[in-house]
Amino acid sequence: MGCDGGTIPKRHELVKGPKKVEKVDKNAELAAKWKYCALSQEKLRRPIVSCELGRLYNKDAIIEYLLDKSAERPNVEAVTHIRGIKDIKELNLTDNPEWEGERRTAKGDRYEDIHCGMFICPVVGLEMNGKHRFCYLQTCGCVFSDRALKEIKTEICHKCGDPFKDEDIVVLNGTKEEVQKLKEKMEEKRVKTKTKKSKKSKAVETISTPPESKEDTQSPPVDVAGRKSQQNGDESSQSGG
Ligand SMILES: [Zn+2]
């Protein structure tokens, strides 16, 4: 039977109520990229590193991955381009003085303000919370807002004074297109270094030690194969009462 025009609305059509808007908050999703390690999904905490594609990781997670690449882990596709410790760079981040970590509501529940970033741009003070573009310099690992790098033209790092070029700037958590570009750049670079290595230039060896290695005593050097050199130093100091 045709019922054009004269349909009687059924009850569920009348009482629609508020539509359940399951809007996965895009902001929250974006903000998460700036808060959690792209590999382990744990909260980012120093030392934080980035790769040639501008993702953020906890250094521990990457080291663990490099020590045993075959172990099964989720998100491993995020790091398959990392071949060794040389493919990551420890970031030199600037703390946000406003950041209080987990805050408490009036009830005492813990919550986090997703719009508050842990870090800021040391030049213009923008928060690194996903709302603004941020970049790091592959030369020194210092992190700045895109705005700072664009507005204040410089050839030396705003933070540590190391010289850098435009090509050393890597956008953090960039768009798909940007990541694609970074990928192409990375692959190009890898082909180049391969051909360079085969020439085996001895010039590199004669260069005296770089000045930066002097002050850098905070983090013990870790290489791909080795663990931290602390493993059996604890036993001797067990004098007690
Ligand atoms: Zn720097």
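Between the side chain of Glu90 and the main chain of Val49, no donor-acceptor pair closer than 3.5 Å is present. Between the side chain of Asp162 and the backbone N or O of Cys140, no donor-acceptor pair lies under 3.5 Å. Side-chain atoms of Asp95 never come within 3.5 Å of backbone atoms of Pro97 as a donor-acceptor pair (strictly under, hydrogens ignored).
One distance of note links SG of Cys51 with CE of Met186; it measures 8.0 Å at 0.5 Å rounding. Summarising the geometry, atom OG1 belonging to Thr139 is positioned 11.5 Å from atom CD1 belonging to Ile156; distances are rounded to the nearest 0.5 Å. Between the CH2 atom of Trp99 and the CE atom of Met118 there is a distance of 5.5 Å, given to the nearest 0.5 Å. Note that CG of Asn129 and CZ of Phe119 are 12.5 Å apart. Values are rounded to the nearest 0.5 Å. Interatomic distance, CG of Leu149 versus CZ of Phe134, reported as 10.0 Å (0.5 Å rounding). Note that CD1 of Ile152 and CZ of Arg147 are 10.5 Å apart. Values are rounded to the nearest 0.5 Å.
Closest of all the heavy-atom pairs between Leu182 and Gly54 is CD1-N, 4.5 Å. For Ser50 against Leu172, the heavy-atom pair with the smallest separation is OG-CD2, 3.5 Å. What you find for Val179 and Gly174 is that their closest heavy atoms are CG2-O, 3.9 Å. Across every non-hydrogen atom of Lys89 and Gly141, the tightest pair is CE-N, 3.7 Å. Nearest heavy atoms, Ala61 versus Leu39: O-CD2, 3.4 Å. Considering every non-hydrogen atom in both Val123 and Ala148, the closest pair reads CB-CB, 3.7 Å.
Between Arg190 and Asp87 there is a salt bridge, since a side-chain N of the basic residue sits under 4.0 Å from a carboxylate O of the acidic one. Checked for salt-bridge contact, Glu42 and Lys35 miss the test: no charged N lies under 4.0 Å from a carboxylate O.
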Next on the checklist: Determine whether Arg46 and Asp60 satisfy the following criterion, salt bridge (charged side-chain N to carboxylate O under 4.0 Å, His left out), listing intermediate values before the conclusion.
Outcome noted: CA-CA 9 Å; Arg46 283 195 171 98; Asp60 316 356; over 6 Å; no
Next on the checklist: Walk me through whether Glu52 and Lys185 qualify under salt bridge (charged side-chain N to carboxylate O under 4.0 Å, His left out).
Outcome noted: CA-CA 9 Å; Glu52 285 159 285; Lys185 198 172 135 194; over 6 Å; no
Next on the checklist: Between Arg55 and His81, is the side chain to side chain contact (heavy atoms under 4.5 Å, CB included) condition met? List the steps.
Outcome noted: CA-CA 11 Å; Arg55 295 184 183 128; His81 62 291; 3.5 Å; yes
Next on the checklist: Under the criterion side chain to side chain contact (heavy atoms under 4.5 Å, CB included), I'd like the reasoning laid out for His132 against Asp146: C-alpha separation, chi angles, the key distance, then a yes or no.
Outcome noted: CA-CA 8 Å; His132 313 282; Asp146 194 48; over 6 Å; no
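Under a hydrophobic clustering in which Ile, Leu, Val, Met, Phe, Trp and Tyr are joined whenever their side-chain heavy atoms come within less than 4.5 Å, directly or via other members, Leu56 and Leu93 fall into the same cluster. No continuous path of ILVMFWY side-chain contacts below 4.5 Å connects Ile120 to Ile48, so the two sit in separate hydrophobic clusters. Linking Ile, Leu, Val, Met, Phe, Trp and Tyr residues whenever their side-chain heavy atoms come within less than 4.5 Å places Val76 and Ile85 in a single cluster.
Side-chain atoms of Met128 and Val143, non-hydrogen and from C-beta on, do get closer than 4.5 Å to each other. In this structure, the side chains of Leu137 and Ile169 come closer than 4.5 Å at one or more pairs of heavy atoms. Residues Tyr57 and Lys59 form no side-chain contact, since every pair of their non-hydrogen atoms from C-beta on lies 4.5 Å or further apart. Using a 4.5 Å cut-off on side-chain heavy atoms (C-beta onward), Trp34 and Asn173 make contact. Counting heavy atoms from C-beta on, the side chains of Phe144 and Pro122 come closer than 4.5 Å.
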What pairs of donor and acceptor atoms, side-chain ones from residues 62-69 against any protein atom, are under 3.5 angstrom apart with sequence neighbours left out?
| from | atom 1 | to | atom 2 | distance (Å) |
| --- | --- | --- | --- | --- |
| Asp68 | OD1 | Ser70 | N | 3.2 |
| Asp68 | OD1 | Ser70 | OG | 2.7 |
| Asp68 | OD1 | Ala71 | N | 3.4 |
| Lys69 | NZ | Arg83 | O | 3.1 |

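Residue pairs that meet the side-chain hydrogen bond (donor to acceptor under 3.5 Å, both in side chains) test with at least one member in residues 152-161, sequence neighbours left out, are Thr94-Lys159.
Residues Thr175 and Glu178 have side chains that bring a donor and an acceptor to within less than 3.5 angstrom of each other.
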